[in-house]
Amino acid sequence: MILRNNLILEGELVGFNKNKEIVSFQDLMSIIFRKEKENIFDLKIFLFDILYLNDNDLTKVPYIKRMDILDKVRGKFDRVKYI
């Protein structure tokens with residue numbers, strides 16, 4: 001595990017309905033911005049890149065190396081699979 005003071009990650013927030021199907025972005029946003037929230041989905045964050053860590057710009061670091069770094073700092077968040 002890498003200690004982190006500051007970082008910039010790229011990822012996506014995805015909603016899943018009760019049947020574990022992905023909720024469309026439009027439906028997710030309309031539910032999130034309602035005053036009365038409905039608890040009809042679970043939210044999950046999927047990370048796909050790390051751009052900055054501990055005052056270091058990682059954008060020039062090869063993608064494969066950034067994935068290794070991301071795996072060390074992501075904690076309990078999932079990372080998308082890449083080919």
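Values in this document were obtained by computation on a predicted structure and should not be read as measured data. Every heavy atom of this structure was used, including side-chain atoms; hydrogens, water molecules and symmetry mates were not.
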Gap separating the CG atom of Asp55 from the CG atom of Leu7, nearest 0.5 angstrom: 11.0 Å
Grouping I, L, V, M, F, W and Y whenever their side-chain heavy atoms are under 4.5 Å apart, do Met29 and Val23 come out in a common cluster? yes
Holding to side chain to side chain contact (heavy atoms under 4.5 Å, CB included), I want the full list of residues that pass it with Leu43, two or more places apart in sequence or in another chain. Leu13, Leu28, Phe41
Can you hop from Met67 to Ile45 via hydrophobic side chains spaced under 4.5 Å? yes
Flag side-chain contact, heavy atom, 4.5 Å: Leu51 against Leu9: no
What are the two closest heavy atoms between Phe77 and Leu47, and how far apart are they? CB-CD1, 3.8 Å
Distance check, rounded to the nearest 0.5 Å: Asp49 atom CG versus Ile8 atom CD1? 11.0 Å
Listed partners of Val14 passing side chain to side chain contact (heavy atoms under 4.5 Å, CB included), at least two apart: Glu12, Phe16, Ile22, Phe46
Which pairs, with at least one residue in residues 19-32 and sequence neighbours excluded, count as a salt bridge (Lys or Arg N to Asp or Glu O under 4.0 Å)? Lys20-Asp42
Arg66 side chain near Thr59 side chain, heavy-atom distance below 4.5 Å: no
Go through the steps for Arg74 and Asp71 under the test salt bridge (charged side-chain N to carboxylate O under 4.0 Å, His left out), then give the verdict. CA-CA 6 Å; Arg74 68 185 170 94; Asp71 282 337; 3.1 Å; yes
Any side-chain to backbone donor/acceptor pair from Asn56 onto Asn54? Under 3.5 Å, distance only. yes
May I ask you to test the Phe48-Val80 pair for a side-chain heavy-atom distance under 4.5 Å? yes
Checking Asn6 side chain against Leu53 main chain: does a donor-acceptor pair fall under 3.5 Å? no
How about OH on Tyr52, more than 12 heavy atoms from neighbouring residues, nucleotides or ligands closer than 6.0 Å, or not? yes
How long is the span from the CG atom in Asp68 to the OH atom in Tyr63, to the nearest 0.5 Å? 11.0 Å
